[in-house]
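Below is one structure, written out as structure tokens; comments come after it.
Both ligands and their constituent atoms are indexed starting at 1 by order of listing.
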Amino acid sequence: MKKRKHKYIFVVGGVMSGIGKGISAASIGRILKSKGFTVNQVKVDPYLNVDAGNMNPTEHGEVFVMDSGLETDQDMGNYERFLDESASDRDYLTSGMIYYDVINRERSMGYKGKCVEALPDIIDEIYKRFIDAERNDRSDITVVEIGGTIGDYQNIMFIEAARILKIKRPKDVVFVLVSYLPQPSTIGEQKTRPTRIACQTLNSYGVQTDFIIVRSERPFDDKRAKKLAISCNVSEENIISAPNIESIYDVPINFEKGRLGHKLIKTFGIRSKKTDLTCWKEFVKKTKNGKNQLKIAVVGKYFDTGDFMLSDAYISVIEAVKFSSYWQDAKTELTWINSKEYENGKRKVSELKNYNGIIVPGGFGESGIEGVIMVIKYARENKIPFLGLCYGMQLMTIEFARNVIGLKNANTVEIDPDTTHPVIDIMPEQKKLLAENKYGATMRLGAYPAILKEGTGAFEAYLSVRALAKEDKENKNLISERHRHRYEVNPEYIEEMEKAGLIFSATSPDGRLMEIAELPKSKHPFFLGTQFHPEFQARPLHPHPLFNAFIEACLKKK
Ligand code: GLN
């Protein structure tokens, strides 16, 4: 059979940022997948950082890590969650990355002495990245989200590359503008003008949008739809209403009410299966039930910039908790606690008895660390289900060394390089990188295999999910999880810690690196920490086994 030509959907934003362009793109991906297409989702971040790794999470939000180890924007996390697939690192691009590649090529005579310029060389590089999935036969349809808003200076080159693709392949490229209808309280009606200006600006770049997804507080009326159609040059049926809804996971279902999937495919002039969102709807139904209420405390730093950003900094953790809760008919309320408040006496750790579970997520540096260790001690001694993620696992090990074994000064060399008991230490190769100030993309990053120890809590947790998925019994001890850290459990202390009752229930295949630490069920209902970040692989349709086990323990405790 002749292969159908690859198709492209470019999602651009109008009026202002923060209106859900990423979720719109992710929802389009989910819909197309449920119509039987294979989809890859590309995110374009116009900033000059080569990756998101060195960015401050309180300013930029979570750094999402891919299998390959590439550190990306949190939108890639949304794509993976909506598509229920791991994305390729070829699908994430920043202006910095594009320039970096072009400049490196120039430095190694890749342009054979020619003058290298933004136009055409940068545009060509972007273009190549846009069509990467087609060239490598990775999907049927590429959905590209161009970061920023129309009119921004930084994203023009990406729009230009998309325009060129449209000129070359008019039947294979569709533009979707995600826009916003403000409704000022003094006027009381939705205003279309900002969207019309966004369309005009896009026109001035030589691009006519095919669809407009209209974000607003309430659905728009006929009058507004007609006005937008005429002034934006878009057929009325391609103007899709996207009013505020309860949850981001409702968005694909809501788009399908406007038959967006069908209309996109029709624009390409191809046929497809009917949209089948059965599994997705089953999940969404679960999000509305949640008859068991859980209260979980998340303790750490990065919480001191106000409610808005803190949830962005740990978005994958939040979603992972939600997925595992929903599938167990629970709804979990997360309370964010700044650990410094335990240090300065503003809060008492004994308040934690009011929670069904405690999470200590990943982090860096010394601020608030003694407070976190107080919390871990309380969770261990009072048998409150505890999940430590990366730094959370390292601090759990330090707490154990200090308070169970009695190594009073036990610490991580990240905080105290001269500690007499470096239970968390730096690997020699990492030490060299830091001495040379090489911070960019130099941590232990991305997916690494680990071997589970049979009979442990972690093993049971993974096995229950695999048994459901009927996975290969041969590999029942093998897992693959994503990492982002520099420091490790010091092998010199392992024997002593194991003797004292801590179990290292997963290690790297060579046994050198400790991947999971836990207390046995006989000692604690759930006390487990992971050196990796399980949250990066938690998906709505496939919640993560360790989060499942943690939520199960919280429910039991309740
Ligand atoms: N700061 C710790 C390290 O670098 C933990 C990192 C994290 O939690 N992601 O190893």
Report the nearest protein non-hydrogen atom to [atom]: residue, atom name, distance rounded to 0.1 Å.
atom: atom 7 (C) of ligand 1; value: Cys390 SG, 3.1 Å
atom: atom 4 (O) of ligand 1; value: Arg486 N, 3.0 Å
atom: atom 5 (C) of ligand 1; value: Gly363 O, 3.4 Å
atom: atom 9 (N) of ligand 1; value: Arg484 O, 2.8 Å

- Message: One thing to verify: whether Arg512 and Glu488 come together as a salt bridge, which I'm taking to mean a side-chain N less than 4.0 angstrom from a carboxylate O.
- Response: no
- Would you call the rings of His421 and Tyr493 parallel, tilted or perpendicular if under 30° counts as parallel and over 60° as perpendicular? perpendicular
- Return yes if a side-chain donor-acceptor contact under 3.5 Å exists between Glu62 and Ser316, otherwise no. yes
- Message: Below 4.0 Å, non-hydrogen atoms only: which portion of Glu414 touches ligand 1? Side chain, backbone, both or neither.
- Response: side chain
- Task: For ligand 1, note which part of Met443 has a heavy atom under 4.0 Å away: side chain, backbone, both or neither.
- Result: neither
- Flag yes if more than 12 heavy atoms outside Glu429 fall under 6.0 Å of its CD atom; otherwise flag no. yes
- What are the atoms of ligand 1, with element, lying closer than 4.0 Å to any heavy atom of Gly362? 8 (O)
- Lys295 NZ/CZ over Tyr355 ring centroid, <6.0 Å and within 45° of normal: yes
- Item | Sole residue of Asp89, Asp73, Asp91 in salt bridge (charged side-chain N to carboxylate O under 4.0 Å, His left out) with Lys43 | Asp73
- ligand 1 and Tyr487, any nitrogen or oxygen pair closer than 3.5 angstrom? yes
